[in-house]
A.B. asks: 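One structure follows; several queries about it will come next.
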Amino acid sequence: MKENFKSGFVTLIGRPNVGKSTLMNHLIGQKIAITSNKPQTTRNRIQTVLTTEEGQIVFVDTPGIHKAKNKLGEYMVNIAERSLNEVDVVLWLVEPSNFIGAGEKHIIEQLKKVKTPVILVINKVDMVKKEEVLTFIDAYRKECDFAEIVPCSALKGDNTEDLIKVIMKYLPYGPQFYDEDTVTDQPERQIVAEFIREKALHSLNEEIPHGIAVAIDQMKMNHKVCHIDATIICERDSHKGIIIGKQGAMLKNIGSNARYEIERMLESKVNLKLWVKVKKDWRDSDFLIKNFG
Ligand code: GDP
Ligand code: MG
């Protein structure tokens with residue numbers, strides 16, 4: 001074990017579009033190298049690993065996040081308290097704004113119950129004036145006792161180095177869990193499935209919360225092109241219609257967004273074919289959880 005080396009688990013939360021994926025991509029660099037083939041123990045738990053001289057940050061997905069709409073149609077995110085207590089640091093990403101809406105207040109109430117230090121990250125500060133950022137920090141500081149508040153731009157990479165330093169401050173001394181060059185512990189197929197799922201949820205604007213799974217039916221290289229057949233599985237016929245969209249427009253959109261990400265990750269051309277299938281109660285099925293989780 002290296003001396004003075006820090007290591008721990010960090011979870012990143014925040015509403016859709018706030019910049020979670022952008023931040024993650026920026027922190028680990030443009031390329032996702034897949035080096036490790038450890039078996040997957042938890043469903044859809046993307047573990048991204050960032051190693052520096054000082055330590056190793058393992059980003060984990062937060063299981064047990066449930067989104068529901070309140071009476072006003074705002075998204076209310078309920079986070080399993082236990083999963084937040086299991087990590088060393090919680091990163092909460094928010095938009096640069098003075099306005100702290102009902103959705104944010106709801107998250108704050110939950111974060112107050114958590115023992116883990118919470119670092120508030122005010123993202124997209126490239127879109128606002130410098131002076132304004134201070135007022136946003138003040139507004140949030142009044143609402144909750146955050147361990148730290150860090151403004152940054154995930155897109156431009158402003159202040160993201162500082163963010164890493166701040167995270168390290170809160171990690172315990174510990175062993176290096178993964179090799180220096182490990183970026184994620186998920187096998188390729190699973191990451192591809194997760195990309196498609198994420199793009200689908202994004203395009204569907206959360207119309208079908210939690211209601212889809214993605215199965216990779218085939219994935220093979222042929223003449224420098226990666227051919228992928230994947231099936232989006234939903235629970236209801238009505239959902240299938242939404243996912244396909246008018247004249248297939250929605251499915252096409254999901255496919256091209258997902259293909260873009262997959263091409264970047266694999267650094268090769270991708271030929272992606274998407275199918276949609278209805279499988280009632282897939283979530284209760286052992287078979288599907290094992291194979292499509
Ligand atoms: P996620 O849903 O939280 O994963 O959000 P994404 O990472 O997909 O980002 C949503 C949108 O916000 C994308 O169009 C990003 O390019 C944009 N975005 C993310 N971070 C920043 C930022 O720091 N500044 C600006 N201007 N845009 C950003
Ligand atoms: Mg995302």
Side-chain angles (χ1 to χ4, degrees), residues 10-32 44-48 50 57 59-63 65-67 69 74-79 84 89-101 103-104 106-107 111 118-134 136-137 140 149-164 166-167 183-184 186 191-210 212 214 253-265:
V10 176
T11 196
L12 177 62
I13 61 169
R15 59 164 69 220
N17 274 322
V18 71
K20 297 181 295 298
S21 301
T22 308
L23 179 65
M24 207 54 96
N25 283 340
H26 181 85
L27 290 180
I28 60 172
Q30 291 308 302
K31 198 170 97 187
I32 301 182
N44 292 333
R45 224 179 136 112
I46 288 201
Q47 295 209 324
T48 308
L50 178 72
I57 305 171
F59 289 97
V60 294
D61 224 17
T62 314
I65 289 200
H66 302 289
K67 298 193 190 101
K69 276 186 182 170
E74 294 160 315
Y75 278 108
M76 292 291 156
V77 180
N78 293 308
I79 308 150
L84 293 184
V89 172
V90 175
L91 285 188
W92 182 29
L93 223 63
V94 296
E95 299 274 346
S97 169
N98 268 330
F99 177 71
I100 302 175
E104 273 72 29
H106 188 66
I107 291 183
L111 291 178
V118 180
I119 299 174
L120 179 77
V121 182
I122 303 180
N123 190 31
K124 306 192 187 180
V125 294
D126 57 288
M127 293 175 77
V128 296
K129 295 203 190 85
K130 272 217 176 84
E131 311 86 78
E132 283 182 300
V133 175
L134 293 176
F136 305 156
I137 292 175
Y140 271 98
I149 302 181
V150 182
C152 82
S153 166
L155 193 67
K156 302 260 157 84
D158 293 339
N159 224 24
T160 49
E161 286 295 314
D162 263 3
L163 178 60
I164 295 170
V166 171
I167 294 169
V183 183
T184 166
Q186 275 202 84
I191 296 176
V192 167
E194 186 57 27
F195 273 159
I196 297 168
R197 207 177 86 91
E198 197 195 86
K199 292 301 162 195
L201 289 176
H202 228 279
S203 297
L204 294 163
N205 210 4
E206 321 235 333
E207 274 177 79
I208 309 176
H210 284 264
I212 60 168
V214 173
N253 185 255
I254 295 167
S256 65
N257 288 340
R259 199 190 60 221
Y260 174 79
E261 293 276 344
I262 300 165
E263 284 185 337
R264 261 190 10 169
M265 175 183 85

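Worth knowing before you read on, the calculation uses all heavy atoms, side chains too, and leaves out hydrogens, waters and symmetry mates. Whatever order the structure lists ligands and atoms in, that order sets their numbers, starting from 1. The first residue of the sequence shown is numbered 1, and numbering continues consecutively from there.
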A.B. asks: Any idea which atoms of ligand 1 are less than 4.0 Å away from a heavy-atom of Asn123?
C.D. replies: 20 (N), 21 (C), 23 (O)
A.B. asks: Considering only heavy atoms, does Asp126 approach ligand 1 within less than 4.0 Å through its side chain, its backbone, both, or neither?
C.D. replies: side chain
A.B. asks: Give a yes or no on whether the backbone of Leu12 and the side-chain of Lys20 come within a donor-acceptor separation of less than 3.5 Å.
C.D. replies: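 Looks like no, no N/O pair under 3.5 Å.
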A.B. asks: Below the 3.5 angstrom mark, is there an N/O of Ala154, backbone or side chain, next to an N/O of ligand 1?
C.D. replies: yes
A.B. asks: Near Lys20, which atoms of ligand 1 are under 4.0 Å from a heavy atom of that residue?
C.D. replies: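 That gives atoms 1 (P), 2 (O), 3 (O), 4 (O), 5 (O), 7 (O) of ligand 1.
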A.B. asks: Can Phe59 and Leu27 be said to form a side chain to side chain contact (heavy atoms under 4.5 Å, CB included), step by step?
C.D. replies: CA-CA 11 Å; Phe59 289 97; Leu27 290 180; 3.7 Å; yes
A.B. asks: Pro16 heavy atoms, cut-off 4.0 Å: which ligand 1 atoms fall inside?
C.D. replies: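 Answer, ordered by atom number: 2 (O).
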A.B. asks: Quick one: does ligand 1 sit under 4.0 Å from the side chain of His202, the backbone, both or neither, non-hydrogen atoms only?
C.D. replies: side chain
A.B. asks: Please say whether Cys152 places an N or O atom under 3.5 Å from an N or O atom belonging to ligand 1.
C.D. replies: no
A.B. asks: I want to know if ligand 1 touches Lys156 in the polar sense, i.e. an N/O pair below 3.5 angstrom.
C.D. replies: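 For ligand 1, there is no N or O atom that lies under 3.5 Å from one belonging to Lys156.
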A.B. asks: Of Cys152, Pro96, Ser153, which is the lone residue that meets side chain to side chain contact (heavy atoms under 4.5 Å, CB included) with Ile122?
C.D. replies: Pro96
A.B. asks: Identify the two heavy atoms, one from Ile137 and one from Pro151, that lie closest to each other, and give their separation to 0.1 Å.
C.D. replies: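 Reported closest heavy-atom pair: CD1-CG, 4.2 Å.
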A.B. asks: I'd like to know if the side chain of Asn123 and the backbone of Ala154 have a donor-acceptor N/O pair within less than 3.5 Å.
C.D. replies: yes
A.B. asks: More than 12 heavy atoms of other residues, nucleotides or ligands under 6.0 Å from CD of Glu161: is that the case?
C.D. replies: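 Open: at most 12 neighbouring heavy atoms sit under 6.0 Å from CD of Glu161.
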